[in-house]
**Student:** 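Before I ask anything, let me first share the structure, which is written out below as structure tokens.
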Protein chains: 2
Amino acid sequence: MKINAQQLLKEKNIRITANRILILESFLKSSYSLSIADIEESLPWADRATIFRTLMTFKEKALLHTIKDDDKALKYALCSDACQVNHHHIHPHFHCDICSKTYCLTQYEFPTPDLPENFKASNYSLIINGICSNCQ
Amino acid sequence: MKINAQQLLKEKNIRITANRILILESFLKSSYSLSIADIEESLPWADRATIFRTLMTFKEKALLHTIKDDDKALKYALCSDACQVNHHHIHPHFHCDICSKTYCLTQYEFPTPDLPENFKASNYSLIINGICSNCQ
DNA sequence: TATTATATGCAATCTAATTGCAAATGAGAA
DNA sequence: TTCTCATTTGCAATTAGATTGCATATAATA
Ligand SMILES: [Mn+2]
Ligand SMILES: [Mn+2]
Ligand SMILES: [Zn+2]
Ligand SMILES: [Zn+2]
């Protein structure tokens, strides 16, 4: 974990608390996205509502983005630098049908299709389902 | 509504009932996808559980597919002929941030990105957010 | 150290989805 | 046409995840 959670919070003008540091560290450590339940599991003493509101805050401050995959619970993942300013660096997400983990494929920008007359796009979300390298 | 609901059910080996005919007709008439709540609204006498199980059945029989857009409720839409056999004819979906309607863009097949080593894709789901032609 | 806006914990609520079960019904057999 | 039985339906109850209210605790800064 090269990046310092505390540092990151300060940069984003997010008030530093124990909860927030630990929740942010969970994301910095993880190679895949996390649901509220995932975080509850790794931080059993933490309160669900607090986790929820922390994730809300992180999302508002463009520290996290959300992913709706085939699972019931919403997943959260760190924003890359490119995410931060505007959402023009769009990356796909890969959801493994076996282990159910969802990965940000930040390296794999994708081309966007044309649209019907008078439809204007502002954002894209591509979810790829399949089997991840760990589950082959 | 050129296509006959009853006919369609028979072709798919789905037992014909009043509920199913009317629910299927809702989809045949609609230019955008529908949630359970949408159907409850247009068929006020119908039971939520019945609608739910009907949609399950329709999905299993490849009459409908589902779409997770930014709204809370899951949306359902008719499968095109191409959907039916295998899911290789992938089309994007457009979700309007104003009216909240979600359209199947069956005309607009999209290119798929490369994947990391040892990741195998089996399905793709692209949701485009923006403003639809009605809301411009 | 005092002040104050903000974050937290806990319980309650909300929403959409999902299930159990007994009664009703569709489709094929007789 | 009527009978039979697997399937579907309606209703009520439950689940799962997200979200909120409110009193208390705490971080930031003066
Ligand atoms: Mn991502
Ligand atoms: Mn579609
Ligand atoms: Zn996997
Ligand atoms: Zn619209």
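This structure is a prediction, so every number in the text was calculated from the model and none was measured. Below, read A as the first sequence line, B as the second, and so on, with proteins coming before strands; counting in each chain starts at 1.
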**Student:** Need to verify one output field. Residue with the more 5' nearest nucleotide on DNA chain C, B/I14 or B/D47?
**Tutor:**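 Nearer the 5' end of the strand: B/D47.
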**Student:** Tell me which of A/K72 and A/A49 sits closer to the 5' end of DNA chain C, going by the nucleotide each one is nearest to.
**Tutor:**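 Final value for this comparison: A/A49.
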**Student:** Does the side chain of B/F110 come within less than 4.5 Å of B/T112's, by heavy atoms?
**Tutor:**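 Of all side-chain heavy-atom pairs linking B/F110 with B/T112, at least one is under 4.5 Å.
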**Student:** Roughly, in whole Å, what's the span from CG in A/L9 to C1' in D/dA28?
**Tutor:**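 A/L9 atom CG is separated from D/dA28 atom C1' by 14 Å.
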**Student:** Please report the distance, rounded to the nearest Å, between CD1 in B/I36 and P in D/dT9.
**Tutor:**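 Rounding to the nearest Å, CD1 of B/I36 and P of D/dT9 are 14 Å apart.
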**Student:** C/dT8, D/dT9, C/dT18: which one has an atom nearest the side-chain heavy atoms of B/R20?
**Tutor:**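 The closest nucleotide is D/dT9.
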**Student:** Below 4.0 angstrom from OP1 or OP2 of C/dG9, is there any side-chain N or O of A/N19?
**Tutor:**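 For A/N19, the contact criterion (side-chain N or O under 4.0 Å from OP1 or OP2 of C/dG9) is met.
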**Student:** Nearest 0.5 Å please: distance from the OG1 atom of A/T57 over to the CG atom of A/L63.
**Tutor:**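 With rounding to 0.5 Å, OG1 (A/T57) is 10.0 Å from CG (A/L63).
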**Student:** Can you tell me which nucleotide in C/dT8, C/dG20, D/dA28 comes closest to the side chain of B/R53?
**Tutor:**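 Shortest atom-to-atom distance from the side chain points to C/dG20.
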**Student:** Strictly by modelled atom types, are B/D71 and B/S100 linked by a side-chain donor-acceptor pair under 3.5 Å?
**Tutor:**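 A pair is found: one side chain offers a donor N or O, the other an acceptor, under 3.5 Å apart.
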**Student:** Closest-nucleotide mapping onto DNA chain D: is B/R15 or A/L74 further toward the 5' terminus? I mean the 5' end.
**Tutor:**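 Residue closer to the 5' terminus by nearest nucleotide: B/R15.
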**Student:** Given atom NZ of B/K61 and atom P of D/dT7, what is their separation to the nearest angstrom?
**Tutor:**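 Whole-Å distance recorded here is 10 Å.
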**Student:** Could you check how far CG of A/D71 sits from C1' of C/dT18, rounded to whole Å?
**Tutor:**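 The answer, rounded to whole Å, is 17 Å.
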**Student:** For B/T17 and for A/A37, find the nucleotide of DNA chain D with the closest heavy atom, then tell me which residue's nucleotide is more 5'.
**Tutor:**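 On the 5' side of the pair lies B/T17.
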**Student:** Give the minimum heavy-atom separation between A/F119 and B/S133, together with the two atoms involved.
**Tutor:**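 That closest heavy-atom pairing would be CE1-OG, 3.3 Å.
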**Student:** Distance check, rounded to the nearest 0.5 Å: A/S42 atom OG versus A/I23 atom CD1?
**Tutor:**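 Taking OG in A/S42 and CD1 in A/I23, the distance rounds to 8.5 Å.
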**Student:** What's the CZ-P distance between B/R48 and D/dA13, to the nearest Å?
**Tutor:**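 Distance check: B/R48 CZ to D/dA13 P gives 13 Å.
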**Student:** Mind calculating the distance between CG (A/N13) and C1' (D/dT29) to the nearest angstrom?
**Tutor:**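 In whole Å, D/dT29 C1' lies 14 Å from A/N13 CG.
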**Student:** Can you tell me the distance, in whole Å, between the CG atom of A/L34 and the C1' atom of D/dG17?
**Tutor:**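 Distance, rounded to whole Å: 16 Å.
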**Student:** Separation of A/L55 atom CG from D/dT19 atom C1', in whole Å?
**Tutor:**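 Rounded to the whole Å, the gap is 13 Å.
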